[in-house]
Amino acid sequence: MSFFDVFSEMLVILFCMAAGFLAHKLGYLSKQTDQNLCRLLLGIIVPCLILGSVSAGDTLPSTEEILSVLKVAIVYYGLGFCAATFVPHLLGRTVKQQCVWRYSLIFSNMAFIGYPVSVALFGQEALFYAVILVLPFNLLSYSLGPLMLAGQAKFRWQQLLSPCIVASVIALMVALFHINMPALLGECLNFTGSLTTPLSLLLVGSLLADLPFGRAFTSPRLWALAAFRLLILPIMLWLLLKWTGIGTPLVANIAVILMAMPTALNGSMLAMEYGGDTECMAQSIFLTTLMSIITIPVLAALL
């Protein structure tokens, strides 16, 4: 796929965020609406997306292939956790902001942006492998994410029974054992889950409307974070997978593209729900999403 084709995909995403920004400025969305929308996404819509991604059990890769892809996932997340251990200390700032740095380095926007970009670059077959790579994200993001953003003082073990985590565990079992859901149920889950991307983008745009996000352009720390998130980590992952020989070339390329995604939109929802730094998180999402319009097409052209 050419640079301009991927560039066009990224502009569509940015347009939806701009619509949320405008809706907030016009009074269609408010702080209370954002909180309710956040709960709706985390409680119903995102779990439907997670379960819907594995609803067609007979068309998923074999168990052996899934386990092979999960090996790539171990390298993927291992690299993210290593970066999250050292980079936030270099960037500095407050404890809550360092929590945002960690979350941003580990969790990229693998599903909301990663799915359509992967399919656009590598064909429909890529979706199956992307789904498997995203399964650990769902489990880790909604379990470690609140702990990472809010701190241990606000973490409750009951959070491990949140709808997103329960859906992630069920989805992993469905994928590994190739359990076939009824076609109608799968269609219902996919239809409801398809609301995740537009609603999440609208939410982020609305959150940005009340924030001095212009500071994102003048913050050297956010620019450094964006460089790690969008360029350094994908290049390091490509070198690691090439050196170790883990995964097929297709799976390795998909993993690299997913690593090159901007900060996960889930971060804003989790920061709002569990008391993290919503301003810093929204700025991170905004800047990395904006810059990814250029960096993703460049990396895609190099693969």
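One is the number of the first residue; the rest follow in order along the sequence. The shown structure was predicted, so the numbers you read here are calculated from the model rather than taken from an experiment.
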* **Step-by-step side chain to side chain donor-acceptor pair (under 3.5 Å) determination, S68 to Y129** => CA-CA 10 Å; S68 175; Y129 297 108; over 6 Å; no
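In this model, a donor atom of one side chain and an acceptor atom of the other lie less than 3.5 Å apart for S30 and T33. Residues Y103 and S141 bring a donor and an acceptor atom of their side chains to less than 3.5 Å of each other.
For the atom pair L22 CG and F15 CZ, the distance stands at 9.0 Å (nearest 0.5 Å). Atom OG1 of T263 sits about 8.5 Å away from atom CG of N109, to the nearest 0.5 Å. To the nearest 0.5 Å, the span separating CG on L201 from OG1 on T289 amounts to 8.0 Å. Note that CD1 of I285 is 7.5 Å distant from CE of M17, once rounded to the nearest 0.5 Å.
Both L287 and I294 are members of a single hydrophobic cluster when ILVMFWY side chains are connected at heavy-atom separations under 4.5 Å. Under a hydrophobic clustering in which Ile, Leu, Val, Met, Phe, Trp and Tyr are joined whenever their side-chain heavy atoms come within less than 4.5 Å, directly or via other members, F177 and L185 fall into the same cluster. L240 and I74 are not part of a single hydrophobic cluster, where members link through side-chain heavy atoms under 4.5 Å apart.
Nearest heavy-atom pair, P88 versus R102, reported as atom, atom and distance to 0.1 Å: CG-CG, 3.4 Å. G80 and I106 get closest at one heavy-atom pair: O-CG1, 3.6 Å. Across all non-hydrogen atoms, the minimal contact from I257 to S118 is CG2-OG, 4.4 Å.
Shown here is Q35, whose CD atom has more than 12 heavy atoms of other residues, nucleotides or ligands within 6.0 Å. Within a 6.0 Å radius of CZ in F81, more than 12 heavy atoms belonging to other residues, nucleotides or ligands are found.
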